[in-house]
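Here's the structure we're looking at; comments come further down.
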Amino acid sequence: MNSSKIAFLSVFSNTFVTLLKLIVGIVTGSVAVISEAIHSALDLVASLIAFFSVRLSGRSADKNHPYGHGKVENISGTIETLLIFVAGIWIIYECVHKILNPTIIELPFLGIIVMVVGAGINFIVSRKVKKAADEFHSVAMKSNALHLLTDVFSSLGVAVSLLLVTLTGWTILDPIIGIVLALYIMREAYKLMKESFPPLLDARLTEEEESEILRVIELFKERYIEVHDLRTRRSGPEEYVDFHLVTPSTMDVLSAHQLCDEIEQAIKAVFEHAQVMIHVEPDHERLGNQPLSL
């Protein structure tokens with residue numbers, strides 16, 4: 001499957017699971033199940049955002065967007081995390097209302113069955129989406145996979161809470177576990193926000209990634225004098241890398257160009273979607289004999 005089909009698969013699964021949880025939540029009167037339905041509904045919205053963002057970000061660069069459309073995925077990931085925060089706040093509100101106005105849960109085993117079935121479906125789909133996200137280096141799909149996985153854990157948590165309510169008769173366990181789950185998904189949203197939002201501000205790649213880039217460049221150190229002014233950033237699935245390469249004054253233009261091509265291909269062998277720009281300088285532009293460090 002291509003990335004669009006995988007993204008659409010999560011839309012289909014979330015639609016089915018959301019409707020199933022909502023119906024059973026209303027029938028049983030469980031605020032935890034209804035909260036899960038709200039969570040899945042926002043997952044559905046996130047899946048739709050991911051689906052359209054993957055399609056749009058895959059477009060080639062054009063006249064008005066010479067750097068491509070990759071940041072659409074980062075915008076999508078940021079919106080998805082905000083939706084999770086909204087879901088968390090809404091779930092906590094409903095759970096507090098349930099604590100203040102307790103009601104008896106009807107047919108709890110029906111809720112347990114639905115939670116387990118929903119968790120199973122979303123676990124299978126999340127694995128497929130995560131695999132595709134790694135293959136296509138898609139931030140939006142990675143965000144979507146995380147949404148699905150949090151839904152798996154929260155659904156299982158609700159199933160356990162309904163089982164405990166059935167065994168103990170303590171109906172207050174239902175909203176308390178709902179609040180715990182809300183805090184959990186909000187924590188996951190915060191972690192996702194730290195990954196999806198910084199690229200919108202052209203934040204650098206991680207130190208590990210930049211160290212790997214430098215390691216690749218140093219494979220050619222016998223043919224250049226030094227490297228400086230390394231700059232990196234991410235845009236959707238693509239990494240942008242540029243730096244200054246100081247070459248010997250005896251090196252002609254053709255040789256310098258060939259060296260740059262070889263370095264670029266070596267970087268792309270590690271970062272498949274990297275866009276590399278190398279500025280060649282004569283040896284009098286050197287900053288010193290020390291290698292570039294992070």
Distance (rounded to the nearest 0.5 Å) between [X] [atom1] and [Y] [atom2]:
X      : Y      : atom1 : atom2 : value
Ile263 : Leu245 : CD1   : CG    : 5.0 Å
Ile112 : Leu162 : CD1   : CG    : 5.5 Å
Lys221 : Leu214 : NZ    : CG    : 12.5 Å
Lys191 : Arg187 : NZ    : CZ    : 4.5 Å
Leu9   : Phe12  : CG    : CZ    : 8.5 Å
Asp283 : Met251 : CG    : CE    : 11.0 Å

Side-chain contact, heavy-atom cut-off 4.5 Å: [X] with [Y]?
X      : Y      : value
Glu212 : Val270 : yes
Phe109 : Thr166 : yes
Ser13  : Asn122 : yes
Asp242 : His279 : no
Phe220 : Glu262 : yes
Val246 : Pro282 : no
Val241 : Ile213 : yes
Phe243 : Met277 : no

With sequence neighbours excluded, what pairs up with Ile75 under the side-chain contact (heavy atoms from CB on, under 4.5 Å) test?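 By the side-chain contact (heavy atoms from CB on, under 4.5 Å) rule, Ile75 matches Ile79, Leu200.
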Considering all heavy atoms, the nearest [X]-[Y] contact:
X      : Y      : answer
Leu148 : Ser126 : CB-CB, 3.5 Å
Val152 : Ala119 : CG2-O, 3.5 Å
Leu44  : Val11  : CD1-O, 3.5 Å
Ile34  : Ile26  : CG1-N, 4.3 Å
Val216 : Ile267 : CG1-N, 3.7 Å
Gly111 : Thr28  : N-CG2, 4.2 Å

Does the pair Glu281 and Thr247 meet the rule for a side chain to side chain contact (heavy atoms under 4.5 Å, CB included), with working shown? CA-CA 6 Å; Glu281 294 182 338; Thr247 58; over 6 Å; no
Using distance alone, with no hydrogens and no angle criterion, decide if [X] and [Y] have a side-chain donor and acceptor under 3.5 Å apart.
X      : Y      : result
Lys21  : Ser155 : yes
Tyr224 : Glu226 : no
Thr206 : Glu209 : yes

Under the side chain to side chain contact (heavy atoms under 4.5 Å, CB included) rule, what do Arg204 and Arg231 come out as? Steps first, then yes or no, please. CA-CA 7 Å; Arg204 62 188 285 188; Arg231 298 190 303 174; over 6 Å; no
Path from Ile113 to Leu22 over hydrophobic side-chain contacts below 4.5 Å: no
Hydrophobic clusters here meaning ILVMFWY residues chained together by side-chain heavy-atom distances under 4.5 Å, can you tell me if Val114 and Leu19 are in one? no
Is Glu218 salt-bridged to Arg215, going by a charged N under 4.0 Å from an acidic O? no
Between Lys268 and Glu264, does at least one N-O distance fall below 4.0 Å, as a salt bridge requires?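 Counted as a salt bridge, because a side-chain N and a carboxylate O are separated by less than 4.0 Å.
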